[in-house]
J.: 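Got a structure for you, written out below as structure tokens; questions coming shortly.
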Protein chains: 2
Amino acid sequence: MRIGELAAASGLTAKTIRFYEQAGLLPEPPRTPGGYRDYPPQSRVRLAFVREAQSAGLTLAEIRSILALRDSGEAPCAHVADLIQQRLAGIERRLAELRATRTALRTLAERAATTDPSSCTDVDICSIIATRQTSDNEGLSASG
Amino acid sequence: MRIGELAAASGLTAKTIRFYEQAGLLPEPPRTPGGYRDYPPQSRVRLAFVREAQSAGLTLAEIRSILALRDSGEAPCAHVADLIQQRLAGIERRLAELRATRTALRTLAERAATTDPSSCTDVDICSIIATRQTSDNEGLSASG
DNA sequence: CTAGACCCTCCAGCACGCTGGAAGGTCAAG
DNA sequence: CTTGACCTTCCAGCGTGCTGGAGGGTCTAG
């Protein structure tokens, strides 16, 4: 099957499929005499797998590593379980960050609700966000 | 003050400060006869504000819009309150996405724990992630 | 005068997952 | 033969927030 057909079957674009090939997710298919990519039916399964894995939050690099293992004949189960745990940990981290940011924003939102525009002086730019005083000896330092 | 001093005072690098200038976050300072940037003391406040706003989860583009308002003489309070609400909504969305991904991953993790490598046949690549059958009439379609 | 710290501009790249376009080739129908 | 759908390659860009380096200029101390 040609790339357009595969694209239609998998719900991707031809561009994306070529990109996946270049990214090492889909092996280079044989070509027709005219130089067209000629995919075997299994390619649909492969692309479906890529999409499944993506929707599970795995990156293309991770998916590639799974596929590489499978292609080498090994059962990638252990590797997959590992990736899943790593991703899970990463997501927990990201969730914690986002929750912290949300807390910061909520504080700001509260402050915004109780802030009188007239209290916003020019020097501190925005008293909602930065409530610091503009004295000469404020202790600015690297915080990150 | 020169850029290095401002960098040290604000905990940023000179590179970052130039980048902020180019990004419209910090106005172009006057130059010394030798061509060096010569910052007024308020620049420290401005950079501190940028960092504060960043840690509150605002993007540089949003921060720029706040600063532009302030620079135009308006109190940006209402705008800031608006941005905060938008960011908050965005974060809620992102949190929901991440939680969904986490749920998907946890399902996968459970499956991984109970999967026997021998059940991973070659055709379906990885039965942990994709449990679909590889029959000829499987209904593959775009799933979003 | 030289060394060295500091500064300048400009260009390029990181990661991530594509997407768009240019310029051209292939193939079937009419 | 022409049209048009489809395909090819290659190059470039999106957005985000920087970071690195090249290749040079400025200033201060000794």
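Just so we're on the same page: letters track the sequence lines, and every chain starts at 1. Because the structure is a prediction, the values reported are computed rather than measured.
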J.: Counting the atoms with a prime plus P, OP1 and OP2 as sugar-phosphate, which does Thr32(B) contact under 4.0 Å by heavy atoms, base, sugar-phosphate, or nothing?
T.: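 Counting heavy atoms under 4.0 Å across all strands, no contact is made by Thr32(B).
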
J.: Let me know the distance between CZ of Phe19(B) and P of dC11(C), rounded to the nearest Å.
T.: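 One finds 17 Å between P of dC11(C) and CZ of Phe19(B), rounded.
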
J.: Quick one: is Arg37(A) getting a side-chain N or O under 4.0 Å of the dC7(D) phosphate, OP1 or OP2?
T.: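 The answer is no; no side-chain N or O of Arg37(A) sits under 4.0 Å from OP1 or OP2.
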
J.: Does Arg31(A) put a side-chain nitrogen or oxygen below 4.0 Å from OP1 or OP2 of dT9(D)?
T.: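 Yes, within the criterion.
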
J.: OP1 or OP2 of dG17(D) sitting under 4.0 Å from any side-chain N/O of Thr59(B)?
T.: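 It does not, given that no N or O in the side chain of Thr59(B) lies less than 4.0 Å from OP1 or OP2 of dG17(D).
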
J.: Counting distance only, does the side-chain N/O of Asp38(B) pair as donor-acceptor with the main-chain N or O of Met1(B) below 3.5 Å?
T.: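 Checked: pair present.
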
J.: Among dT19(C), dT8(D), dT19(D), which nucleotide has an atom closest to any side-chain atom of Lys15(A)?
T.: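 Comparing dT19(C), dT8(D), dT19(D) against the side chain of Lys15(A), the answer is dT19(C).
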
J.: Mind checking whether Leu67(B) and Ile63(B) have side chains closer than 4.5 Å, heavy atoms only?
T.: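 Touching, per the 4.5 Å side-chain cut-off.
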
J.: Just how far, in rounded Å, is C1' of dC6(D) from CG of Leu6(A)?
T.: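 In whole Å, dC6(D) C1' lies 15 Å from Leu6(A) CG.
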
J.: Would you say dC18(D) has OP1 or OP2 under 4.0 Å from some side-chain N or O of Tyr20(B)?
T.: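 For dC18(D), OP1 or OP2 has a side-chain N or O of Tyr20(B) closer than 4.0 Å.
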
J.: To the nearest Å, how far apart are Gln54(A) CD and dC18(C) P?
T.: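 Value for this atom pair: 5 Å.
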
J.: Is there a side-chain contact between Arg51(A) and the phosphate of dC18(C), meaning an N or O under 4.0 Å from OP1 or OP2?
T.: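 Answer yes for this pair, as a side-chain N or O of Arg51(A) is under 4.0 Å from OP1 or OP2.
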
J.: Give a yes/no answer on whether the side chain of Thr13(B) brings an N or O atom under 4.0 Å of OP1 or OP2 in dT19(D).
T.: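 So the side-chain polar atoms of Thr13(B) do come within 4.0 Å of the phosphate oxygens OP1 or OP2 of dT19(D), strictly under.
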
J.: In whole angstrom, give the distance that lies between atom CG of Leu47(B) and atom P of dC18(D).
T.: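 Rounding to the nearest Å, CG of Leu47(B) and P of dC18(D) are 11 Å apart.
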
J.: Would you find a donor on one side and an acceptor on the other, under 3.5 Å apart, between the side chain of Glu110(B) and the backbone of Thr107(B)?
T.: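 Side chain of Glu110(B) to backbone of Thr107(B), a donor-acceptor pair under 3.5 Å: no, none is there.
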
J.: Within the structure shown, what part of the strands sits under 4.0 Å from Arg18(A) by heavy-atom distance: base, sugar-phosphate, or nothing?
T.: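 Counting heavy atoms under 4.0 Å across all strands, the contact made by Arg18(A) includes a base.
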
J.: Using the salt bridge (Lys or Arg N to Asp or Glu O under 4.0 Å) rule, pick out the option among Arg37(B), Arg64(B), Arg46(B) that qualifies with Glu21(B).
T.: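 One option only clears the test, and that one is Arg37(B).
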
J.: In whole angstrom, give the distance that lies between atom CG of Leu26(A) and atom P of dG17(C).
T.: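 These atoms are roughly 16 Å apart.
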
J.: With nearest nucleotides of DNA chain C determined for Gly35(B) and Arg2(A) from heavy-atom distances, which residue corresponds to the more 5′ nucleotide?
T.: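 First, find each residue's nearest nucleotide; the 5'-ward one identifies Gly35(B).
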
J.: Check the distance between dC16(C)'s C1' and Glu62(A)'s CD and give it to me in whole angstrom.
T.: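 Taking atom C1' of dC16(C) as the reference, CD of Glu62(A) is at 12 Å.
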
J.: Distance criterion of 3.5 Å, no angle test: do you see the side chain of Tyr36(B) paired donor-to-acceptor with the base of dG25(D)?
T.: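 It does, because a donor-acceptor pair links the side chain of Tyr36(B) to the base of dG25(D) below 3.5 Å.
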
J.: Mind calculating the distance between CZ (Arg94(B)) and C1' (dT16(D)) to the nearest angstrom?
T.: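 About 12 Å, once rounded to whole Å.
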
J.: So, does Arg94(A) use its side chain to make a donor-acceptor pair with the main chain of Leu98(B) at under 3.5 Å?
T.: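 Judged by distance alone, no pair lies under 3.5 Å.
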
J.: CD of Glu5(B) versus P of dC27(D): gap in Å, rounded?
T.: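 Going from Glu5(B) (CD) to dC27(D) (P), I get 16 Å.
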
